[in-house]
Protein chains: 2
Amino acid sequence: MATTTAARRREIARTEYDAFLAACPSRQLLDRLSDKWVGLVLAALSNGPQRYNEIARTVAGVSQKMLTQTLRTLERDGLATRTVTPTVPVRVDYELTDLGQSLLPVMRAIKDWAEAHMDDVLLARSRYDMEKMTG
Amino acid sequence: MATTTAARRREIARTEYDAFLAACPSRQLLDRLSDKWVGLVLAALSNGPQRYNEIARTVAGVSQKMLTQTLRTLERDGLATRTVTPTVPVRVDYELTDLGQSLLPVMRAIKDWAEAHMDDVLLARSRYDMEKMTG
DNA sequence: CCGTATCCACAATGATACTG
DNA sequence: CAGTATCATTGTGGATACGG
């Protein structure tokens, strides 16, 4: 009995913690921003409205599936709008909302830190790896 | 021949883009920050040096494996230091470096935006889902 | 042109058990 | 106390083919 208690308590702790994380605003935001394509699409849209294929060209490496998925989550979260013009063939424009615009300074804070300090990180990394090898 | 060319060009584009992303400082930073546990460990260490088990208690939901892995990457990237005191049993302290400290304002920018705007996002999300259901 | 649907490969995470 | 090693599971993204 006693042996199972520890495992059981860990399990409960994890469940509670998962709930806590799921409700944590910072984590929710980080989950969005850290998506492989969100940042790039945000950057593409920061220059004004864009058509689907324009974004696809700007974010050259993205697959159709992931671009659509990314744009859908942005729309769902109120960060971008999707406007369909029912011509033939159809035309779809995406544009940042005010909420989406307000995210740009945050992205820039990240970019600024990265450009200022990532070389330090890279240096630390190679030193660390070096020491590992030499013993 | 012509049919394979399109797929081939996409493949090349993806390879080049992957290389571009791998070299992009912002993406490298986002990859770190977005790690499930990095933000939480950073927050734990923001109050000063901590022992391994103290961090484990603060970040209640983390497994031993992930905590160790997270701390190792922070150390490797020069964001935290690891100090071993060879008593019996051994004592290990972790502490943020200046570089690690400089990351805290960035985390706070993220946290501030999240606390100010995530309810808007949640609202937009539920409206979007509602419209989906009602047709 | 702008997607959706399906399948598949691989990386990330956690549970568990063991060590100095 | 502070890890390491292994296995099982899940999630994420890409390729491909098809639809409005």
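Reminder, nothing fancy here: chain letters follow the sequence lines and each chain counts from 1. Computed from heavy atoms alone, side chains included, the values below leave out hydrogens, waters and symmetry copies.
A donor-acceptor pair under 3.5 Å is formed between the side chain of A:T87 and the backbone N or O of A:P89.
Rounded to an integer number of Å, the gap from CD1 of A:I55 to P of C:dC2 is 9 Å. In this entry the distance linking CH2 of A:W37 with P of D:dG13 reads 9 Å, nearest Å. Computed from coordinates, the B:L67 CG to D:dC1 C1' distance equals 13 Å when rounded to whole Å. In this entry the distance linking CD of B:Q64 with P of C:dT13 reads 17 Å, nearest Å. Protein atom CG of A:D18 is 14 Å distant from nucleotide atom C1' of C:dA15, rounded to whole Å. Regarding B:R91, its CZ atom lies at a distance of 17 Å from the C1' atom of D:dG3, rounded to whole Å. The CZ atom of B:R32 sits 13 Å away from the C1' atom of C:dA12 (whole-angstrom rounding). Between the CD atom of B:Q69 and the C1' atom of C:dT13 there is a distance of 8 Å, given to the nearest Å.
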Can you give one letter per nucleotide of nucleotides 5-11 of chain D, going 5' to 3': B for a protein heavy atom under 4.0 Å from the base, S for sugar-phosphate only, - for none? -B-----
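For the side-chain hydrogen bond (donor to acceptor under 3.5 Å, both in side chains) criterion with B:D77, the lone passing option out of B:R72, B:Q28, B:R32 is B:R32.
A residue-by-residue look at A:Y52 and B:M66 shows that A:Y52 has its nearest nucleotide of DNA chain C further toward the 5' end. Comparing B:P89 and A:R82 along DNA chain C, the residue whose closest nucleotide (by nearest heavy atom) sits nearer the 5' end is A:R82.
Residues B:I110 and A:L30 form a side-chain contact, since some pair of their non-hydrogen atoms from C-beta on lies under 4.5 Å apart. The shortest side-chain heavy-atom distance between A:L42 and A:L74 falls under the 4.5 Å cut-off. Residues B:V84 and B:R82 are in side-chain contact: their nearest non-hydrogen atoms beyond the backbone lie under 4.5 Å apart. Between B:M66 and B:K36 there is no side-chain heavy-atom pair separated by less than 4.5 Å.
Checked by atom type, the side-chain pair A:T68/A:Y52 shows a donor-acceptor distance below 3.5 Å.
Ranking D:dG13, C:dT13, C:dG3 by closeness to the A:K36 side chain, first place goes to D:dG13. The listed nucleotides are C:dT4, D:dA2, D:dT4; the one nearest the side chain of B:T68 is D:dT4.
A close approach under 4.0 Å does not occur between any side-chain nitrogen or oxygen of B:Y94 and OP1 or OP2 of D:dC1. When the side-chain nitrogen and oxygen atoms of A:R51 are compared with OP1 and OP2 of C:dC2, one or more of them lie within a distance under 4.0 Å.
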